[in-house]
Trainee: 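One structure is given below, represented as C-alpha cells, and several questions about it will come after.
Numbers for residues simply follow the sequence, beginning at 1. In this text the structure is predicted, and so the values were computed from the model without any measurement.
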Amino acid sequence: MRLSERLERVVSFVRPCASAADIGTDHALVPVELVRRGIVKKALAMDVRPGPLSRAKEQISRAGLSDQIEPRLSDGLAALKPQEAETVIIAGMGGELIIRILTEGRHMWDSVAQWVLSPHSEMFKVRGWLLENGFSIEKEDMVCEDGKYYVLMDVKRAEAEAGAETEAGEGTGAEAGLKTESPARDAEFVRLLYGDSLIRERNPVLAQYLKEEEQMLMEREASLRQSARGSLRAAERLKETETRLKWNREVQDEMQRDH
C-alpha cells in the first residue's frame, strides 16, 4: 500500500513504541502501516463516525492485522483510556477541532509519551494552545501535496511546565496577534504563525510557502488600496494585510540570513 506524502510523513514522525492510537482514522491507513512496518506492536483505529470505522475494519482485515489493530468508535479521545496508547496521532482536521479533542481528552495528557499532530488550519492557535497548556513542540515539518501545505508536529507533555492550563473555549492569546502593536508581542505571534523550529531550521517547504503567501498578500494589498479610500472596513483590512506582509518578509529575511 502506497501512502500519500503527507501520510508518509505522519508515519515517519511516530517513534517505535508498544501501542499507538490514530484519532479520526478514516481508512486506517496510518495504523496499518505503523504495525506492518514494525514501528508499533499494536494500534487503535478510532473514528467518531460508523461509516469511516467500517472502512477501517475492511482495510485492517485485508491487511491481515485484525489481531493487532482494534477499530473503536470514539468522539476524539473519549473512548481512549490512560496507558492504552504511548503515541496518539491526530491528523487531517482543522486546528480548532484538534484543540477541542485535546481539551476534552485531558484524561490522556500525562500518560501519552508522544502526540503527532497535523492541523490543516489555524496552526498558530494550535501552537499557542499547546504552549499555554504545558506541552512542548519537539519538532515540526511541512509538506506540500497537491498544491496544499500541511504542517506536522511532534509534541510531548512538558510536565515541569504544566499547570497554566486554559479552559475549553478560552482564547490562547495568539488570536490577538493582528491587533497588537507591541514589537515583542508581534515577534511572539510570528513564531506561532509560521513555526519557530521551521523558521530556525530554514525549512525549504516553509520558504516556498512564504514566497507564495507574499505574492498573494501583495495582490490583496494592491486591490485594497483602491477600495480603502471610501471604506473603513477596507482600510482596516489593508492595515492587517500590510502587517502580514511585513511579518512574511521579516521571516524570509531571517531564513535567508547567512546563506
Side-chain angles (χ1 to χ4, degrees), residues 4-6 9 90-100 117-132 137 139-153 155 166 169-259:
S4 67
E5 184 179 0
R6 179 180 66 86
R9 202 67 57 90
I90 312 177
M93 59 191 78
E96 291 276 15
L97 180 53
I98 287 179
I99 289 172
R100 180 183 73 78
L117 310 178
S118 183
H120 282 187
S121 61
E122 296 137 338
M123 273 74 72
F124 73 97
K125 289 185 181 180
V126 175
R127 292 181 181 113
W129 186 93
L130 290 169
L131 296 178
E132 288 189 7
I137 302 172
K139 70 173 181 177
E140 290 192 49
D141 203 354
M142 196 172 189
V143 297
C144 181
E145 185 176 87
D146 298 328
K148 295 182 180 179
Y149 291 90
Y150 301 96
V151 170
L152 297 96
M153 304 175 183
V155 175
T166 58
E170 288 187 6
T172 65
E175 298 166 58
L178 284 173
K179 306 295 182 184
T180 181
E181 294 182 4
S182 161
R185 185 65 176 152
D186 280 358
E188 176 189 352
F189 183 75
V190 168
R191 310 315 275 195
L192 294 177
L193 186 63
Y194 295 115
D196 185 58
S197 66
L198 294 176
I199 297 170
R200 284 188 288 103
E201 294 168 9
R202 298 179 170 90
N203 183 278
V205 180
L206 174 61
Q208 176 183 323
Y209 170 82
L210 287 165
K211 282 292 185 187
E212 292 185 13
E213 184 189 57
E214 180 185 27
Q215 183 61 40
M216 180 271 292
L217 290 170
M218 288 171 61
E219 292 171 1
R220 182 188 299 171
E221 181 186 42
S223 174
L224 287 169
R225 283 196 188 283
Q226 299 297 318
S227 53
R229 297 187 184 94
S231 167
L232 180 59
R233 176 60 187 140
E236 291 174 348
R237 289 187 61 208
L238 174 61
K239 185 177 180 181
E240 292 176 357
T241 301
E242 289 172 340
T243 300
R244 284 291 297 268
L245 190 55
K246 176 175 75 77
W247 290 343
N248 175 291
R249 288 169 172 165
E250 286 174 352
V251 172
Q252 289 196 69
D253 289 344
E254 179 180 345
M255 291 178 67
Q256 292 168 3
R257 209 168 292 149
D258 300 326
H259 272 213

Trainee: To the nearest 0.5 angstrom, please state how far the CD1 atom of Ile199 sits from the CG atom of Leu210.
Mentor: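 Here the rounded value is 7.5 Å.
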Trainee: What are the two closest non-hydrogen atoms of Leu238 and Ala228, and how far apart are they?
Mentor: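 Closest approach of Leu238 to Ala228, heavy atoms only: CD2-CB, 3.9 Å.
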Trainee: Which heavy-atom pair separates Asn203 from Val205 by the least distance, and what is that distance?
Mentor: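 What the structure gives for the nearest pair is OD1-N, 2.9 Å.
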Trainee: Hey, is the main chain of Arg191 close enough, under 3.5 Å, to the side chain of Asp196 for a donor-acceptor pair?
Mentor: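 No, the answer is negative, given that no donor and acceptor are paired below the 3.5 Å cut-off.
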Trainee: Taking all non-hydrogen atoms of both residues, which atom of Leu217 and which atom of Asn248 are closest, and how far apart?
Mentor: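 Scanning both residues completely, I find the closest heavy atoms to be CD1-CB, 4.4 Å.
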Trainee: So Leu206 and Met255, side chain to side chain contact (heavy atoms under 4.5 Å, CB included) or not? Walk me through it.
Mentor: CA-CA 10 Å; Leu206 174 61; Met255 291 178 67; 3.9 Å; yes
Trainee: Quick one: does any side-chain atom of Ser223 pair with a main-chain N or O of Glu219 as donor and acceptor, under 3.5 Å?
Mentor: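 Checking the backbone N and O of Glu219 against the side chain of Ser223, no donor-acceptor pair under 3.5 Å is found.
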Trainee: What closest approach, in Å, do Gln208 and Cys144 show between heavy atoms, and which atom pair accounts for it?
Mentor: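 Looking at all heavy atoms of both residues, the closest pair is NE2-SG, 3.9 Å.
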Trainee: Check whether any side-chain heavy atom of Met153 sits under 4.5 Å from a side-chain heavy atom of Leu130, and report yes or no.
Mentor: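 When only atoms from C-beta onward are counted, Leu130 and Met153 do touch, with a gap below 4.5 Å.
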Trainee: Is there a donor in the side chain of Tyr149 and an acceptor in the side chain of Glu213, or the other way round, less than 3.5 Å apart?
Mentor: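 Short answer, no.
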Trainee: To the nearest 0.5 Å, what is the distance between OH on Tyr194 and CH2 on Trp247?
Mentor: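 So the gap between those two atoms works out to 8.5 Å.
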Trainee: For the atom pair CG (Leu245) and CE (Met216), what is the distance rounded to the nearest 0.5 Å?
Mentor: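 Rounded to the nearest 0.5 Å, the CG-CE separation comes to 9.5 Å.
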Trainee: Using 0.5 Å steps for rounding, measure from the CG atom of Leu193 to the CZ atom of Arg127.
Mentor: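 Rounded to the nearest 0.5 Å, the CG-CZ separation comes to 7.5 Å.
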Trainee: Val151 vs Val126, test: side chain to side chain contact (heavy atoms under 4.5 Å, CB included). Steps then yes/no.
Mentor: CA-CA 11 Å; Val151 170; Val126 175; over 6 Å; no
Trainee: For atom CG of Asp146, is the number of surrounding heavy atoms from other residues, nucleotides or ligands below 6.0 Å larger than 12?
Mentor: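 Not more than 12 within 6.0 Å, no.
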Trainee: Can you tell me if Glu140 uses its side chain to pair, donor with acceptor, with the backbone of Leu198 under 3.5 Å?
Mentor: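 No; zero donor-acceptor contacts below 3.5 Å.
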Trainee: Any donor and acceptor pair, going by atom type alone, linking the side chain of Arg249 with main-chain N or O of Glu214 inside 3.5 Å?
Mentor: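 No, the answer is negative, given that no donor and acceptor are paired below the 3.5 Å cut-off.
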Trainee: Please report the interatomic distance CD1(Ile98) to NZ(Lys125), rounded to the nearest 0.5 Å.
Mentor: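 Separation between the atoms: 13.0 Å.
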Trainee: For Arg237, look at atom CZ and say whether over 12 heavy atoms of other residues, nucleotides or ligands are found less than 6.0 Å away.
Mentor: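 Open.
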Trainee: Check the pair His120, Arg6 against side chain to side chain contact (heavy atoms under 4.5 Å, CB included), reporting the backbone distance first and the verdict last.
Mentor: CA-CA 11 Å; His120 282 187; Arg6 179 180 66 86; 3.8 Å; yes
Trainee: Rounded to the nearest 0.5 Å, how far does CZ of Arg9 lie from CG of Leu152?
Mentor: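 Rounded to the nearest 0.5 Å, the CG-CZ separation comes out at 7.0 Å.
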Trainee: Would you find a donor on one side and an acceptor on the other, under 3.5 Å apart, between the side chain of Arg202 and the backbone of Gln256?
Mentor: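 Absent.
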Trainee: What's the verdict on salt bridge (charged side-chain N to carboxylate O under 4.0 Å, His left out) for Glu250 and Lys246, showing C-alpha distance, side-chain angles and the deciding distance?
Mentor: CA-CA 6 Å; Glu250 286 174 352; Lys246 176 175 75 77; 3.5 Å; yes
Trainee: Assess whether salt bridge (charged side-chain N to carboxylate O under 4.0 Å, His left out) is satisfied between Lys239 and Glu236, documenting all intermediate values.
Mentor: CA-CA 5 Å; Lys239 185 177 180 181; Glu236 291 174 348; over 6 Å; no
Trainee: Ignoring hydrogens and geometry, is there a side-chain-to-backbone donor-acceptor pair from Glu145 to Glu5 under 3.5 Å?
Mentor: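 Flag set: sc Glu145 to bb Glu5 pair under 3.5 Å.
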Trainee: Yes or no on salt bridge (charged side-chain N to carboxylate O under 4.0 Å, His left out) for Arg225 and Glu221, after CA distance, side-chain angles and deciding distance?
Mentor: CA-CA 6 Å; Arg225 283 196 188 283; Glu221 181 186 42; 3.2 Å; yes
